[in-house]
Amino acid sequence: MKYTAPISAAEASESEPYVIQPEQARTPDLSMRRWLPVAVLVLLLIAVYFRIAGKLVFDWYDIPDYSHGFLVPLFSIYIMWENREVLRNTSVRPSWSGLPLVLLGLAIVILGVFGADLFLSRISFLILTAGLIWTFLGMEMLKALRFPLLTLLLAIPFPEIVFNKITFPLQLLASDLASSVLPIFGVPVLHEGNVIELPVMKLEVAEACSGIRSLMSLFTLAIFYGYFLEKTVWRRVILALASVPIAVAANAARIVGTGLCVQYWNPDKAMGFFHEFSGWVMFVISLCFLYLVHRLMNLVAPSSMLDKKAI
(Lines give C-alpha, C1' and ligand atoms only; values in the text may rest on other atoms or scores of the structure.)
Protein backbone atom coordinates (compact mmCIF):
# COMPACT_ATOMS: atom_id res chain seq x y z
CA MET A 1 0.00 0.00 0.00
CA LYS A 2 1.51 3.26 -1.11
CA TYR A 3 1.19 6.46 0.81
CA THR A 4 0.21 9.48 -1.32
CA ALA A 5 1.01 12.87 0.07
CA PRO A 6 -1.82 15.40 0.01
CA ILE A 7 -1.69 17.88 -2.87
CA SER A 8 -1.61 21.53 -1.97
CA ALA A 9 -4.00 24.08 -3.44
CA ALA A 10 -1.23 25.71 -5.47
CA GLU A 11 -0.21 22.38 -6.98
CA ALA A 12 -3.82 21.52 -7.69
CA SER A 13 -4.32 24.79 -9.50
CA GLU A 14 -1.22 24.13 -11.63
CA SER A 15 -2.13 20.55 -12.40
CA GLU A 16 -5.85 20.91 -13.09
CA PRO A 17 -7.03 22.93 -16.08
CA TYR A 18 -9.35 25.87 -15.45
CA VAL A 19 -12.90 24.99 -16.43
CA ILE A 20 -15.17 27.84 -17.53
CA GLN A 21 -18.56 27.76 -15.89
CA PRO A 22 -21.51 27.40 -18.26
CA GLU A 23 -23.03 30.70 -17.10
CA GLN A 24 -19.79 32.58 -17.76
CA ALA A 25 -19.40 31.04 -21.18
CA ARG A 26 -22.94 31.77 -22.32
CA THR A 27 -23.29 35.36 -21.10
CA PRO A 28 -21.42 37.04 -24.00
CA ASP A 29 -22.99 34.67 -26.49
CA LEU A 30 -26.49 35.31 -25.18
CA SER A 31 -25.89 39.05 -25.20
CA MET A 32 -24.76 38.89 -28.81
CA ARG A 33 -27.70 36.73 -29.80
CA ARG A 34 -30.07 39.18 -28.11
CA TRP A 35 -28.79 42.30 -29.88
CA LEU A 36 -27.90 40.82 -33.24
CA PRO A 37 -31.55 40.64 -34.51
CA VAL A 38 -32.12 44.19 -33.27
CA ALA A 39 -29.05 45.45 -35.16
CA VAL A 40 -30.13 43.62 -38.31
CA LEU A 41 -33.66 45.08 -38.11
CA VAL A 42 -32.32 48.61 -37.58
CA LEU A 43 -30.01 48.28 -40.59
CA LEU A 44 -32.86 46.98 -42.73
CA LEU A 45 -35.16 49.84 -41.65
CA ILE A 46 -32.43 52.37 -42.45
CA ALA A 47 -31.87 50.81 -45.86
CA VAL A 48 -35.59 50.86 -46.70
CA TYR A 49 -36.50 54.28 -45.29
CA PHE A 50 -33.32 56.29 -45.83
CA ARG A 51 -34.53 58.11 -48.95
CA ILE A 52 -38.10 58.35 -47.64
CA ALA A 53 -36.91 59.99 -44.42
CA GLY A 54 -34.60 62.32 -46.33
CA LYS A 55 -37.46 63.57 -48.50
CA LEU A 56 -39.62 64.03 -45.40
CA VAL A 57 -37.00 66.20 -43.70
CA PHE A 58 -36.68 68.26 -46.88
CA ASP A 59 -40.47 68.77 -46.91
CA TRP A 60 -40.32 70.03 -43.32
CA TYR A 61 -37.82 72.62 -44.48
CA ASP A 62 -39.48 73.43 -47.80
CA ILE A 63 -43.21 73.38 -46.89
CA PRO A 64 -44.08 76.09 -44.34
CA ASP A 65 -47.26 74.24 -43.32
CA TYR A 66 -45.13 71.44 -41.83
CA SER A 67 -42.15 73.33 -40.41
CA HIS A 68 -43.22 72.03 -36.99
CA GLY A 69 -42.18 68.55 -38.15
CA PHE A 70 -38.67 69.07 -36.78
CA LEU A 71 -40.09 69.24 -33.23
CA VAL A 72 -42.33 66.18 -33.41
CA PRO A 73 -39.63 63.42 -33.36
CA LEU A 74 -37.84 65.22 -30.52
CA PHE A 75 -41.10 65.36 -28.58
CA SER A 76 -41.72 61.65 -29.19
CA ILE A 77 -38.20 60.75 -28.01
CA TYR A 78 -38.66 62.91 -24.91
CA ILE A 79 -41.89 61.09 -24.03
CA MET A 80 -40.12 57.73 -24.20
CA TRP A 81 -37.21 59.05 -22.13
CA GLU A 82 -39.53 60.51 -19.50
CA ASN A 83 -41.40 57.20 -19.22
CA ARG A 84 -38.29 55.04 -19.31
CA GLU A 85 -39.06 53.52 -15.89
CA VAL A 86 -42.53 52.50 -17.03
CA LEU A 87 -41.10 50.99 -20.21
CA ARG A 88 -38.40 49.18 -18.24
CA ASN A 89 -41.00 47.62 -15.95
CA THR A 90 -43.33 46.65 -18.79
CA SER A 91 -43.42 42.92 -19.37
CA VAL A 92 -41.87 41.69 -22.62
CA ARG A 93 -43.92 38.95 -24.22
CA PRO A 94 -43.09 38.33 -27.89
CA SER A 95 -46.08 37.29 -29.95
CA TRP A 96 -46.62 36.13 -33.50
CA SER A 97 -49.86 38.12 -33.46
CA GLY A 98 -47.94 41.19 -34.62
CA LEU A 99 -46.68 39.48 -37.77
CA PRO A 100 -49.75 40.43 -39.88
CA LEU A 101 -49.14 44.07 -38.97
CA VAL A 102 -45.52 43.72 -40.08
CA LEU A 103 -46.63 42.22 -43.40
CA LEU A 104 -49.16 45.02 -43.82
CA GLY A 105 -46.46 47.65 -43.25
CA LEU A 106 -44.19 45.97 -45.80
CA ALA A 107 -47.01 45.78 -48.35
CA ILE A 108 -47.83 49.47 -47.87
CA VAL A 109 -44.21 50.60 -48.24
CA ILE A 110 -43.88 48.55 -51.44
CA LEU A 111 -47.11 50.04 -52.75
CA GLY A 112 -45.98 53.54 -51.80
CA VAL A 113 -42.52 53.24 -53.37
CA PHE A 114 -43.65 51.69 -56.65
CA GLY A 115 -46.80 53.82 -56.76
CA ALA A 116 -44.83 57.02 -56.07
CA ASP A 117 -47.07 57.86 -53.11
CA LEU A 118 -45.08 59.60 -50.38
CA PHE A 119 -47.86 59.45 -47.81
CA LEU A 120 -48.17 55.66 -48.02
CA SER A 121 -44.39 55.25 -47.85
CA ARG A 122 -44.19 57.41 -44.73
CA ILE A 123 -47.21 56.02 -42.93
CA SER A 124 -45.92 52.50 -43.52
CA PHE A 125 -43.01 53.21 -41.18
CA LEU A 126 -45.37 53.68 -38.23
CA ILE A 127 -47.36 50.56 -39.13
CA LEU A 128 -44.21 48.49 -39.57
CA THR A 129 -42.68 49.80 -36.35
CA ALA A 130 -45.87 49.02 -34.42
CA GLY A 131 -45.87 45.50 -35.87
CA LEU A 132 -42.23 44.91 -34.94
CA ILE A 133 -42.82 46.12 -31.38
CA TRP A 134 -45.84 43.85 -31.07
CA THR A 135 -43.97 40.86 -32.50
CA PHE A 136 -40.70 41.13 -30.56
CA LEU A 137 -41.79 42.96 -27.38
CA GLY A 138 -45.48 42.18 -27.01
CA MET A 139 -48.80 43.99 -26.89
CA GLU A 140 -48.13 45.52 -23.45
CA MET A 141 -45.07 47.32 -24.78
CA LEU A 142 -47.00 48.49 -27.83
CA LYS A 143 -49.69 49.96 -25.56
CA ALA A 144 -47.00 51.73 -23.53
CA LEU A 145 -45.52 53.24 -26.70
CA ARG A 146 -48.76 54.08 -28.50
CA PHE A 147 -48.76 57.80 -27.64
CA PRO A 148 -45.19 58.59 -28.84
CA LEU A 149 -45.91 56.57 -31.99
CA LEU A 150 -49.18 58.39 -32.69
CA THR A 151 -47.57 61.81 -32.20
CA LEU A 152 -45.32 61.05 -35.19
CA LEU A 153 -48.44 61.33 -37.37
CA LEU A 154 -48.26 65.11 -36.82
CA ALA A 155 -44.99 65.23 -38.77
CA ILE A 156 -46.34 63.48 -41.88
CA PRO A 157 -47.85 65.81 -44.52
CA PHE A 158 -51.33 65.02 -45.72
CA PRO A 159 -51.85 63.65 -49.24
CA GLU A 160 -52.48 66.39 -51.78
CA ILE A 161 -56.09 65.36 -52.34
CA VAL A 162 -56.83 65.46 -48.60
CA PHE A 163 -54.91 68.72 -48.21
CA ASN A 164 -57.03 70.38 -50.90
CA LYS A 165 -60.23 69.07 -49.30
CA ILE A 166 -59.22 70.83 -46.07
CA THR A 167 -57.77 74.09 -47.39
CA PHE A 168 -60.61 75.08 -49.74
CA PRO A 169 -63.35 74.97 -47.07
CA LEU A 170 -61.00 76.92 -44.78
CA GLN A 171 -60.57 79.55 -47.53
CA LEU A 172 -64.35 79.92 -47.87
CA LEU A 173 -64.86 80.01 -44.10
CA ALA A 174 -62.18 82.66 -43.58
CA SER A 175 -63.55 84.83 -46.41
CA ASP A 176 -67.12 84.47 -45.04
CA LEU A 177 -66.08 85.55 -41.56
CA ALA A 178 -63.98 88.45 -42.82
CA SER A 179 -66.70 89.73 -45.17
CA SER A 180 -69.16 89.63 -42.26
CA VAL A 181 -66.91 91.60 -39.92
CA LEU A 182 -65.51 94.25 -42.30
CA PRO A 183 -68.85 96.10 -42.75
CA ILE A 184 -68.97 96.60 -38.97
CA PHE A 185 -65.90 98.84 -39.36
CA GLY A 186 -67.45 100.78 -42.21
CA VAL A 187 -65.80 98.88 -45.07
CA PRO A 188 -68.29 97.89 -47.83
CA VAL A 189 -67.52 94.51 -49.34
CA LEU A 190 -68.72 92.34 -52.20
CA HIS A 191 -68.13 88.71 -51.33
CA GLU A 192 -67.99 85.97 -53.93
CA GLY A 193 -66.40 82.62 -53.12
CA ASN A 194 -62.94 83.22 -51.69
CA VAL A 195 -62.71 86.73 -53.17
CA ILE A 196 -63.54 89.82 -51.11
CA GLU A 197 -63.93 92.92 -53.28
CA LEU A 198 -63.21 96.17 -51.46
CA PRO A 199 -63.71 99.69 -52.82
CA VAL A 200 -59.95 100.03 -53.29
CA MET A 201 -58.94 96.54 -54.47
CA LYS A 202 -59.82 92.87 -54.39
CA LEU A 203 -58.65 90.53 -51.64
CA GLU A 204 -58.29 86.91 -52.65
CA VAL A 205 -58.08 84.41 -49.81
CA ALA A 206 -55.56 82.12 -51.45
CA GLU A 207 -54.52 78.65 -50.31
CA ALA A 208 -51.61 80.12 -48.35
CA CYS A 209 -54.09 82.37 -46.50
CA SER A 210 -56.52 79.56 -45.65
CA GLY A 211 -55.07 79.24 -42.16
CA ILE A 212 -53.98 75.62 -42.57
CA ARG A 213 -50.43 76.55 -41.58
CA SER A 214 -51.42 78.16 -38.28
CA LEU A 215 -54.00 75.42 -37.71
CA MET A 216 -51.47 72.59 -38.02
CA SER A 217 -48.82 74.38 -35.96
CA LEU A 218 -51.26 75.44 -33.23
CA PHE A 219 -52.81 71.96 -33.06
CA THR A 220 -49.35 70.43 -32.63
CA LEU A 221 -48.34 72.93 -29.96
CA ALA A 222 -51.67 72.35 -28.19
CA ILE A 223 -50.82 68.65 -27.92
CA PHE A 224 -47.38 69.51 -26.55
CA TYR A 225 -48.92 72.02 -24.15
CA GLY A 226 -51.54 69.58 -22.91
CA TYR A 227 -49.00 66.82 -22.36
CA PHE A 228 -46.72 68.94 -20.21
CA LEU A 229 -49.39 70.79 -18.19
CA GLU A 230 -52.28 68.33 -17.91
CA LYS A 231 -52.52 64.83 -16.50
CA THR A 232 -55.95 63.69 -17.66
CA VAL A 233 -56.59 62.59 -21.22
CA TRP A 234 -59.92 64.35 -21.73
CA ARG A 235 -58.48 67.74 -20.73
CA ARG A 236 -55.66 67.26 -23.23
CA VAL A 237 -58.23 66.42 -25.90
CA ILE A 238 -60.20 69.58 -25.11
CA LEU A 239 -57.07 71.72 -25.45
CA ALA A 240 -56.20 70.10 -28.78
CA LEU A 241 -59.74 70.57 -30.14
CA ALA A 242 -59.89 74.17 -28.87
CA SER A 243 -56.93 75.02 -31.09
CA VAL A 244 -59.06 74.49 -34.24
CA PRO A 245 -61.63 77.30 -33.74
CA ILE A 246 -58.90 79.53 -32.28
CA ALA A 247 -56.76 79.13 -35.40
CA VAL A 248 -59.75 79.72 -37.72
CA ALA A 249 -60.81 82.86 -35.84
CA ALA A 250 -57.23 84.17 -35.78
CA ASN A 251 -56.89 83.72 -39.53
CA ALA A 252 -60.19 85.53 -40.15
CA ALA A 253 -59.01 88.37 -37.87
CA ARG A 254 -55.82 88.59 -39.92
CA ILE A 255 -57.83 89.00 -43.13
CA VAL A 256 -59.99 91.64 -41.46
CA GLY A 257 -56.88 93.52 -40.40
CA THR A 258 -55.52 93.35 -43.94
CA GLY A 259 -58.80 94.69 -45.31
CA LEU A 260 -58.80 97.59 -42.85
CA CYS A 261 -55.24 98.49 -43.79
CA VAL A 262 -56.12 98.34 -47.48
CA GLN A 263 -59.12 100.61 -46.98
CA TYR A 264 -57.78 103.13 -44.48
CA TRP A 265 -53.99 103.03 -44.87
CA ASN A 266 -51.92 101.84 -47.84
CA PRO A 267 -52.78 98.85 -50.08
CA ASP A 268 -49.13 98.17 -50.97
CA LYS A 269 -47.99 98.13 -47.34
CA ALA A 270 -51.03 96.14 -46.28
CA MET A 271 -50.22 93.37 -48.76
CA GLY A 272 -46.50 93.52 -48.01
CA PHE A 273 -44.95 93.86 -44.59
CA PHE A 274 -48.21 93.96 -42.64
CA HIS A 275 -49.53 90.81 -44.27
CA GLU A 276 -46.41 88.82 -43.33
CA PHE A 277 -45.93 90.34 -39.88
CA SER A 278 -49.59 89.92 -38.92
CA GLY A 279 -49.27 86.16 -39.37
CA TRP A 280 -46.71 85.96 -36.56
CA VAL A 281 -48.72 88.35 -34.39
CA MET A 282 -51.93 86.38 -34.78
CA PHE A 283 -50.13 83.13 -34.02
CA VAL A 284 -48.84 84.58 -30.74
CA ILE A 285 -52.36 85.83 -29.96
CA SER A 286 -53.67 82.32 -30.70
CA LEU A 287 -51.24 80.88 -28.15
CA CYS A 288 -52.52 83.42 -25.62
CA PHE A 289 -56.11 82.35 -26.30
CA LEU A 290 -55.11 78.71 -25.88
CA TYR A 291 -53.65 79.63 -22.49
CA LEU A 292 -56.90 81.41 -21.58
CA VAL A 293 -58.89 78.29 -22.49
CA HIS A 294 -56.64 76.31 -20.19
CA ARG A 295 -57.14 78.80 -17.37
CA LEU A 296 -60.90 78.67 -17.91
CA MET A 297 -60.81 74.89 -17.69
CA ASN A 298 -58.98 75.12 -14.38
CA LEU A 299 -61.55 77.59 -13.05
CA VAL A 300 -64.55 75.48 -14.10
CA ALA A 301 -63.07 72.10 -13.10
CA PRO A 302 -59.77 72.36 -11.18
CA SER A 303 -57.32 69.52 -11.62
CA SER A 304 -57.13 68.97 -7.85
CA MET A 305 -60.87 68.24 -7.75
CA LEU A 306 -60.58 65.74 -10.57
CA ASP A 307 -57.63 64.03 -8.92
CA LYS A 308 -59.53 63.71 -5.63
CA LYS A 309 -62.53 62.25 -7.42
CA ALA A 310 -60.33 59.80 -9.27
CA ILE A 311 -58.77 58.67 -6.00
Side-chain angles (χ1 to χ4, degrees), residues 60 63-72 74-76 78-79 151 153-155 166-167 169-182 184-185 187 196 203 205-265 269-306:
W60 293 343
I63 303 176
D65 300 334
Y66 286 92
S67 56
H68 61 271
F70 290 100
L71 299 176
V72 175
L74 299 178
F75 177 69
S76 180
Y78 174 80
I79 295 174
T151 54
L153 289 172
L154 299 171
I166 297 175
T167 54
L170 287 176
Q171 290 173 253
L172 297 179
L173 179 59
S175 59
D176 287 340
L177 293 174
S179 61
S180 300
V181 174
L182 281 172
I184 299 176
F185 295 96
V187 181
I196 303 174
L203 289 181
V205 183
E207 183 179 296
C209 302
S210 63
I212 185 66
R213 184 184 309 175
S214 59
L215 175 59
M216 294 298 300
S217 299
L218 189 65
F219 183 78
T220 302
L221 290 179
I223 292 178
F224 294 177
Y225 181 88
Y227 177 80
F228 288 117
L229 297 179
E230 285 295 341
K231 296 181 179 179
T232 56
V233 176
W234 72 270
R235 293 168 72 95
R236 295 175 178 176
V237 172
I238 290 177
L239 284 173
L241 295 178
S243 66
V244 177
I246 291 175
V248 172
N251 186 58
R254 180 190 180 192
I255 298 173
V256 170
T258 303
L260 293 176
C261 290
V262 168
Q263 183 68 20
Y264 296 115
W265 187 30
K269 293 181 179 180
M271 300 305 296
F273 171 77
F274 177 83
H275 185 68
E276 296 296 331
F277 182 72
S278 62
W280 290 99
V281 173
M282 295 311 300
F283 187 74
V284 173
I285 294 176
S286 300
L287 291 177
C288 295
F289 272 99
L290 186 65
Y291 172 76
L292 291 177
V293 170
H294 185 212
R295 294 294 298 173
L296 182 62
M297 289 171 55
N298 290 330
L299 290 175
V300 174
S303 300
S304 58
M305 292 176 55
L306 295 175

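No experiment lies behind these values; they were computed from the predicted model shown.
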Over all atoms of both residues, closest heavy-atom pair of Phe185 and Leu260 | CB-CD2, 3.6 Å
Smallest heavy-atom separation, Ala178 atom then Val256 atom, equals CA-CG2, 3.7 Å
Return the orientation label for the Phe228 and Tyr78 ring planes: parallel under 30°, perpendicular over 60°, tilted otherwise.
-> tilted
For side-chain contact (heavy atoms from CB on, under 4.5 Å), just list the numbers for Leu177 and Val248, CA-CA rounded to whole Å, side-chain angles, deciding distance to a tenth of an Å, and then say yes or no.
-> CA-CA 9 Å; Leu177 293 174; Val248 172; 4.1 Å; yes
What distance separates Leu290 CG from Ile285 CD1, expressed to the nearest 0.5 Å?
-> 14.0 Å
Heavy atoms of Ser286 and Leu218 approach each other most closely as CB-CD2, 3.8 Å
Donor-acceptor pair, side chain of Trp60 and main chain of Ala155, under 3.5 angstrom | yes
Centroid separation Tyr227 to Phe75 less than 6.0 Å | yes
Passes side-chain contact (heavy atoms from CB on, under 4.5 Å), Tyr225 versus Leu287? Steps please.
-> CA-CA 10 Å; Tyr225 181 88; Leu287 291 177; over 6 Å; no
Hey, what do you get for CD1 (Ile79) to CG (Leu74), rounding to the nearest 0.5 Å?
-> 11.5 Å
Basic-acidic side-chain contact under 4.0 Å: Arg235, Glu230 | yes
Is it true that atom OH of Tyr291 has more than 12 heavy atoms of other residues, nucleotides or ligands lying nearer than 6.0 Å?
-> no
Answer yes or no: is there a donor N or O on one side and an acceptor on the other, between the side chain of Ser243 and the main chain of Ala240, under 3.5 Å?
-> yes
Looking at Leu170, Asn251, Ile246, which hits side chain to side chain contact (heavy atoms under 4.5 Å, CB included) with Leu215?
-> Leu170
Taken in chain and number order and not counting sequence neighbours, the residues that satisfy side-chain hydrogen bond (donor to acceptor under 3.5 Å, both in side chains) with Ser175 are His191
Please check if the distance between the ring centroids of His68 and Tyr66 is under 6.0 Å.
-> yes
Applying side-chain contact (heavy atoms from CB on, under 4.5 Å), run through Trp280 and Val284 and close with a yes or a no.
-> CA-CA 6 Å; Trp280 290 99; Val284 173; 5.6 Å; no
For residues Met282 and Ala253, report the shortest heavy-atom separation together with the two atoms involved.
-> CE-CB, 3.7 Å
Stepwise side-chain contact (heavy atoms from CB on, under 4.5 Å) check, Leu239 with Met297 = CA-CA 9 Å; Leu239 284 173; Met297 289 171 55; 3.9 Å; yes
Measure the CG-CD1 distance between Asp176 and Ile196 for me, rounded to the nearest 0.5 Å.
-> 8.5 Å
May I ask you to decide if Phe289's main-chain N or O and His294's side chain share a donor-acceptor pair within less than 3.5 Å?
-> no
Could you give the distance from SG (Cys288) to CZ (Arg295), rounded to the nearest 0.5 Å?
-> 13.5 Å
Any side-chain heavy-atom pair of Val237 and Val233 under 4.5 Å = yes
Would you mind reporting whether Phe219 and Leu154 have side-chain heavy atoms less than 4.5 Å apart?
-> yes
